[in-house]
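The structure appears right after this line, and notes come after that.
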2 protein chains.
Amino acid sequence: MKDGHARELMDLTPTDALSIWRDAITESVRRDTPDLSARQMAVLTTVYLCPAPHTVRGLAEQLNVAKPAVTRAVDRLSELGLVRRKPDQEDRRSVLINRTVKGSVFLSEFGEMIVQAAHGTSQS
Amino acid sequence: MKDGHARELMDLTPTDALSIWRDAITESVRRDTPDLSARQMAVLTTVYLCPAPHTVRGLAEQLNVAKPAVTRAVDRLSELGLVRRKPDQEDRRSVLINRTVKGSVFLSEFGEMIVQAAHGTSQS
DNA sequence: TGTTTTCGATTCGCTTTCGATATGATCATG
DNA sequence: CATGATCATATCGAAAGCGAATCGAAAACA
């Protein structure tokens, strides 16, 4: 910001928001992090930010996508070590999707990239 | 925010940022918008937010990815009507990647989703 | 002019992903 | 128990993605 006043989060314009988004995702791509799709990112962040437990069915409903799509997303995220499947002991039809240390680190770094992008966009 | 003070953008924490990111991308997925990868989103936003002209080579360098990857991303974005290829008249080897009305609308709506997510996360 | 370099696109084979459907396992119910 | 509902995933052909190599066109240079 040119006038030195602190920009308030509520005043964020769509253009500003998009600029921050671009900076963050561009930096992510540059760093050669896994090229996650929107769906995969939605699944990953939901698992980490929303209260457990998380099932394929629940995620599919919440994200309004078919269950096999969630299964595939979990496949990919599991291969990357960002989430882990764990059979539900109480209902053995279900599989719970859990967090991992690697996933926590990944999202933590991603969050910092967003913050960095926000600072670059709205700096005084 | 619970105390009613305006949250400043500079104070954004990685956790807050991630929460906003999740809300936005989740809403995007729920609306059944095209499931773009991080690379595709990086290409799309760069075309719209960075000064023209944009070439495959330039985008590849800027994003640190291989040229065919950019070509494929442009293929996909073109099919979706979000960008348009246009032969460069001055250097007819080159193809310029231009914006479209549809792409402008898409990103505009996306920006509004982010703003909406930011409001939801940091509301008073 | 002739050679070299640079451009984006294309092709190759191989792998991955897609949506839709079918399947096997497990639970709930009558 | 037996029957149907519900869970996640296996499977399918089709489509898209991948990196590496190659293409032809065109610019730059000699």
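Labels below follow one simple rule: chain letters A, B, ... track the order of the sequence lines, proteins then strands, and each chain is numbered from 1.
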Report task. State, yes or no, whether a side-chain contact exists between A/Leu82 and A/Lys102 at a heavy-atom distance under 4.5 Å. Result -> yes
**Report entry** Distance, rounded to the nearest Å, where B/Asp35 contributes CG and C/dC18 contributes P
**Finding:** 7 Å
Query raised in the report: At what distance, to the nearest 0.5 angstrom, does CZ of B/Phe110 lie from CD1 of B/Ile25?
Result: 5.5 Å
Query raised in the report: Under 4.0 Å between a side-chain N or O of A/Arg72 and OP1 or OP2 of D/dT11?
Result: no
Query raised in the report: Is there side-chain contact between A/Asp88 and A/Asp91, with at least one heavy-atom pair below 4.5 Å?
Result: yes
Report summary line: Whole-Å distance, B/Leu77 CG to C/dG8 P, equals 17 Å
Query raised in the report: Can you tell me if the side-chain N/O atoms of B/Thr71 get under 4.0 Å from OP1 or OP2 in C/dG8?
Result: no
Query - Close approaches to DNA chain C from residues 40-69 of chain B, in residue order (heavy atom, under 4.0 Å) - result: B/Thr55, B/Val56, B/Arg57, B/Lys67
Report task. Check A/Thr71 against A/Arg85 and note the closest heavy-atom contact, atom names and distance. Result -> O-NH2, 3.2 Å
Query - Sub-4.5 Å side-chain heavy-atom contact between A/Val115 and B/Thr13 - result: no
Query raised in the report: What do the steps show when you test A/Thr46 against B/Arg22 for side-chain contact (heavy atoms from CB on, under 4.5 Å), and what is the final call?
Result: CA-CA 7 Å; A/Thr46 297; B/Arg22 188 200 85 88; 2.9 Å; yes
**Report entry** Close approaches to DNA chain D from residues 83-97 of chain A, in residue order (heavy atom, under 4.0 Å)
**Finding:** A/Arg85, A/Arg93, A/Ser94, A/Val95
Requested in this report: Return the value, rounded to whole Å, for the distance between atom CZ of B/Arg39 and atom P of D/dA16.
Outcome: 18 Å
Requested in this report: Take the protein atom CZ of A/Arg76 and the nucleotide atom C1' of C/dC18, then report the distance between them rounded to whole Å.
Outcome: 15 Å
Query raised in the report: Within the distance-only criterion (no hydrogens, no angle test), does the side chain of A/Arg30 pair as donor or acceptor with the backbone N or O of B/Gln62 below 3.5 angstrom?
Result: yes
Query raised in the report: Do B/Arg99 and B/Val47 have side-chain heavy atoms sitting under 4.5 Å apart?
Result: yes
